[in-house]
Amino acid sequence: MPAISSKKPYRIGRSPTGLGLFATKPIKKGTKIVRYFGPLLDCKKKKDDAVENKYLFELNNRWTIDGSVRENVARYINHACKPNAESDVRPRKRKVFIRAIKNIEPGEEINYDYGTDYFKAYLKPIGCRCAACEKKRKKKRAEARAERLRLKAKAERKALRKAEKLAAKAEEKHGLNGAKANGVNGLKLNGKHFNGHGGKAAAGKAIVMKSRISAKPKEKQGREDSASA
C-alpha cells in the first residue's frame with residue numbers, strides 16, 4: 001500500500017467492497033482530488049492491447065492508462081451509481097483527474113461512476129455494492145419482509161374468521177338439538193298428566209261425589225213416605 005502524505009486530503013481505508021479512498025479533510029465541490037495515472041498503452045500495439053486488468057482507463061480509441069501500478073492511489077477509489085466525484089478526462093494531455101462534484105466531508109468515502117462498459121463487464125455479474133445499490137436492496141428486502149408479514153396476518157385473520165364461523169355453527173346446532181329434546185319430553189309428560197292414570201282418578205272422584213249428592217234426597221224421601229203411612 002503506497003504511503004500518502006499527511007497533506008493529502010484522503011487516506012486508504014477499509015470499504016464494504018474492499019479497500020477504498022476516504023476523505024481526511026473537507027473537500028469542496030470542483031476540487032481536483034487526485035490524478036489517475038500509470039503507463040500509457042497503445043492499443044495499436046499487440047503487446048499493449050493484450051494487457052488485461054481491472055484498472056485500465058481508456059482515454060480514447062488508441063490510448064489507455066494502465067492504473068494497476070502501486071503508486072496510483074486513485075485506483076483505490078471505488079465505483080458508485082450516485083457518486084460524489086467524477087473522472088475529468090483530458091485525452092490530448094493523456095491525463096485523468098478525479099474531481100469532486102459535491103462537498104465531501106472527512107471520513108466520507110470518495111467514489112465516481114466507472115461507466116457503462118465497466119459496470120456491465122465487472123459489476124453487474126456480481127451485483128453492484130455501492131451505497132445507493134445497497135440501499136435499494138435493503139429497501140426491497142424490507143418491502144418483501146413487510147409483504148410476507150402482511151400475507152401471514154391476512155391468512156391468520158382468515159383462519160380466525162373460519163374458526164369463529166365453525167364455532168357459531170356448532171353452537172347453533174347444539175342449541176337446536178337441545179330444544180328438540182326438551183320439546184319431546186314436554187309432550188310425553190303433558191300427555192301422561194292429562195291423558196294418563198292421574199286424569200282417570202280425578203274423573204272417577206268427581207263421579208262418586210256427584211252420585212253421593214244425588215243419592216241422599218232419594219233415601220230421605222223414602223223414610224218420609226213410610227212415616228206417613
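Screening Leu40, Asn53, Asp48 against Asp66 for a side-chain contact (heavy atoms from CB on, under 4.5 Å) leaves a single residue, Asn53. Just one residue in the list Ile110, Ile4, Ile77, Asn72 forms a side-chain contact (heavy atoms from CB on, under 4.5 Å) with Val34, and that residue is Ile77.
Interatomic distance, Asp88 CG to Ile33 CD1, rounded to the nearest 0.5 Å: 11.5 Å. From Tyr55, atom OH reaches atom CZ of Arg75 across 5.0 Å, with rounding to the nearest 0.5 Å. Taken to the nearest 0.5 Å, the OH atom of Tyr112 stands 5.5 Å off from the OH atom of Tyr36. A distance of 10.0 Å separates CG of Asn111 from CG of Leu21, quoted to the nearest 0.5 Å. Rounding to the nearest 0.5 angstrom, the gap separating the CD1 atom in Ile98 from the OG atom in Ser87 is 5.5 Å.
The hydrophobic cluster containing Leu56 also includes Leu41, Val51, under a criterion of side-chain heavy atoms closer than 4.5 Å among ILVMFWY residues, counted directly or through chains of members.
In this structure, Phe22 has no ring-ring contact (aromatic ring centres under 6.0 Å, His included) partners at least two apart in sequence or on a different chain. Arg150 meets the salt bridge (Lys or Arg N to Asp or Glu O under 4.0 Å) test with Glu147; sequence neighbours excluded. For Arg148, there are no side chain to side chain donor-acceptor pair (under 3.5 Å) partners at least two apart in sequence or on another chain.
Aromatic ring centres of Tyr118 and His79: separated by at least 6.0 Å.
Salt bridge Asp49/Lys44: absent, no basic N to carboxylate O contact under 4.0 Å.
Applying the side chain to side chain donor-acceptor pair (under 3.5 Å) definition to pairs two or more places apart or across chains, none involves residues 158-171. Evaluation of the side chain to side chain donor-acceptor pair (under 3.5 Å) test over residues 95-109, restricted to residues two or more places apart or in two chains, returns Ser15-Glu109, Asn78-Glu109, Asn84-Glu108, Glu86-Arg99.
Cation-pi contact between Lys124 and Phe119: absent, since separation from the ring centre below 6.0 Å together with deviation from the ring axis within 45° is not met.
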